[in-house]
A.B. asks: 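Quick one: structure below, then a few questions.
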Amino acid sequence: MKKNLFLIIVATLVLLPVSLLAQPAKMLGTWYSIDEDGNRKSVVVITKNSNGTYEGRIERLLTGDPERRCVNCTGAEKDKPIKGMKIIRSLREDGNKLTGGTIMDPANGKVYNCTVSLDNKTGDLKVRGSLDKTGLIGRNQTWKRAEN
């Protein structure tokens, strides 16, 4: 009996870190970006680059003119089509979340620090954009997995 209990504890301790490392892989794929009112705004595809960073591109706009351009963006994104635009950049794995990158809001052209994590209970993506690197001053969105 004690031996079985010991084996269960050891197996749990060994498998727990593996499950945590698998979290970022579950964030890959197609997601609905959801605004604060619960409306689907766009379809975003999150991918992992060969250098290990994660990014997200808008695949489709679900509201307004689907061919609209980012008139409020600055730099290279100025007046570019929002559809196909990379809005999440340079996220890196940090335990069970993605951090250290940025997210751009095409509605106002502003770029924010970004943290992304997976809600284990719902399977939803928790996306936080913040003004500061610590994430204290910002806002959250909950994105839903898009049907394939």
Side-chain angles (χ1 to χ4, degrees), residues 8-9 11-148:
I8 290 170
I9 291 171
T12 302
L13 292 174
V14 167
L15 294 177
L16 183 62
V18 171
S19 67
L20 289 177
L21 293 175
Q23 288 293 86
K26 293 178 183 177
M27 297 177 207
L28 297 174
T30 307
W31 298 89
Y32 291 117
S33 65
I34 311 288
D35 67 12
E36 289 72 23
D37 298 322
N39 301 311
R40 294 177 178 176
K41 302 298 277 182
S42 64
V43 176
V44 178
V45 177
I46 297 179
T47 58
K48 184 176 182 180
N49 295 318
S50 59
N51 67 1
T53 62
Y54 291 75
E55 66 182 31
R57 288 187 184 275
I58 294 179
E59 183 175 274
R60 189 167 22 122
L61 296 171
L62 302 174
T63 61
D65 178 6
E67 302 302 321
R68 69 183 175 270
R69 296 178 174 271
C70 194
V71 295
N72 294 319
C73 291
T74 58
E77 303 295 344
K78 177 81 172 145
D79 295 322
K80 298 283 182 178
I82 295 173
K83 179 181 172 184
M85 186 173 284
K86 189 188 306 183
I87 61 165
I88 297 175
R89 297 174 185 269
S90 305
L91 289 174
R92 294 202 172 272
E93 292 181 24
D94 182 7
N96 61 351
K97 59 187 174 181
L98 302 175
T99 64
T102 60
I103 187 166
M104 192 261 297
D105 183 349
N108 60 23
K110 293 183 180 177
V111 177
Y112 303 94
N113 294 295
C114 184
T115 300
V116 177
S117 60
L118 193 67
D119 185 322
N120 291 324
K121 292 180 184 174
T122 64
D124 294 340
L125 206 61
K126 296 188 288 186
V127 180
R128 180 157 182 82
S130 60
L131 296 172
D132 61 320
K133 290 195 181 222
T134 61
L136 291 176
I137 305 169
R139 65 184 176 123
N140 296 323
Q141 285 188 338
T142 300
W143 293 5
K144 304 281 186 185
R145 174 110 25 213
E147 302 89 24
N148 292 329

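For the single chain, residues carry numbers from 1 onward in sequence order.
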A.B. asks: For residues Y54 and R92, determine if any side-chain heavy atom of one lies less than 4.5 Å from a side-chain heavy atom of the other.
C.D. replies: no
A.B. asks: How long is the span from the CG atom in L125 to the CG atom in L118, to the nearest 0.5 Å?
C.D. replies: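 So the gap between those two atoms works out to 6.5 Å.
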A.B. asks: Please identify each residue that fulfils side chain to side chain contact (heavy atoms under 4.5 Å, CB included) with S90, with sequence neighbours left out.
C.D. replies: none
A.B. asks: List for me each residue that meets side chain to side chain contact (heavy atoms under 4.5 Å, CB included) alongside N140, sequence neighbours excluded, and say none if there are none.
C.D. replies: R128
A.B. asks: Evaluate the side-chain proximity of P106 to I87: yes if any heavy-atom separation is below 4.5 Å, no if none is.
C.D. replies: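 In short, these two side chains touch, coming nearer than 4.5 Å.
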A.B. asks: Could you pull out all residues at least two apart from D105 that satisfy side chain to side chain contact (heavy atoms under 4.5 Å, CB included)?
C.D. replies: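 In terms of side chain to side chain contact (heavy atoms under 4.5 Å, CB included), with neighbours along the sequence ignored, D105 is linked to A107, N108, Y112, R139.
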A.B. asks: Output the distance between atom CG (N96) and atom CG (N120), rounded to the nearest 0.5 Å.
C.D. replies: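 Output value for this atom pair is 7.5 Å.
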A.B. asks: Ignoring hydrogens, what is the shortest heavy-atom contact between L131 and N113? Give both atom names and the distance.
C.D. replies: O-ND2, 3.4 Å
A.B. asks: State the CG-CG distance between L91 and L98, to the nearest 0.5 angstrom.
C.D. replies: 5.5 Å
A.B. asks: Assess whether side-chain contact (heavy atoms from CB on, under 4.5 Å) is satisfied between K83 and E59, documenting all intermediate values.
C.D. replies: CA-CA 6 Å; K83 179 181 172 184; E59 183 175 274; over 6 Å; no
A.B. asks: Residues two or more places apart in sequence or in another chain: which of them pass salt bridge (Lys or Arg N to Asp or Glu O under 4.0 Å) with K110?
C.D. replies: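 Salt bridge (Lys or Arg N to Asp or Glu O under 4.0 Å) check on K110 returns nothing, list empty.
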A.B. asks: Can you give the donor-acceptor pairs under 3.5 Å from side chains of residues 40-49 to other protein atoms, not counting sequence neighbours?
C.D. replies:
from: S42; atom 1: OG; to: S33; atom 2: OG; distance (Å): 2.6
from: K48; atom 1: NZ; to: E93; atom 2: OE2; distance (Å): 3.2
from: N49; atom 1: ND2; to: T53; atom 2: OG1; distance (Å): 3.1
from: N49; atom 1: ND2; to: E55; atom 2: OE1; distance (Å): 3.3

A.B. asks: Given side-chain contact (heavy atoms from CB on, under 4.5 Å), test D79 with V71 step by step and report yes or no.
C.D. replies: CA-CA 5 Å; D79 295 322; V71 295; 3.7 Å; yes
A.B. asks: Assess the residue pair I137 and S130 against the criterion (side-chain contact (heavy atoms from CB on, under 4.5 Å)); give the C-alpha distance rounded to whole Å, side-chain angles, the decisive distance to 0.1 Å, and a yes or no.
C.D. replies: CA-CA 5 Å; I137 305 169; S130 60; 5.7 Å; no
A.B. asks: Grab the two heavy atoms, one from M27 and one from S117, that are nearest each other, plus how far apart they are.
C.D. replies: CE-CA, 3.8 Å
A.B. asks: Please find the pair of heavy atoms, one from I34 and one from W143, that lie closest to each other, and give the distance.
C.D. replies: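 Shortest heavy-atom contact: N-CD1, 3.6 Å.
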A.B. asks: Considering all heavy atoms of both residues, which atom of R69 and which atom of P81 are nearest to each other, and what is their separation?
C.D. replies: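 So the minimum-distance heavy-atom pair works out to NH1-CD, 3.2 Å.
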A.B. asks: Quick check against the 3.5 Å criterion: does D124 have a side-chain atom that pairs as donor or acceptor with the backbone of T142?
C.D. replies: no
A.B. asks: Does atom CZ of R68 have more than 12 heavy-atom neighbours from other groups under 6.0 Å away?
C.D. replies: yes
A.B. asks: Working to the nearest 0.5 Å, report the span between CE of M104 and CD1 of I82.
C.D. replies: 7.5 Å
A.B. asks: Minimum heavy-atom separation for L61 and P66, please, with both atom names.
C.D. replies: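 Residues L61 and P66, closest heavy atoms: CD1-O, 3.6 Å.
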A.B. asks: Tell me if a side-chain donor or acceptor on D119 pairs with a main-chain N or O of T122 at a distance below 3.5 Å.
C.D. replies: yes
A.B. asks: Just to verify, what does R89 make a salt bridge (Lys or Arg N to Asp or Glu O under 4.0 Å) with, not counting sequence neighbours?
C.D. replies: E77
A.B. asks: Of all the heavy-atom pairs spanning C73 and M85, show the shortest one and how long it is.
C.D. replies: SG-SD, 4.4 Å
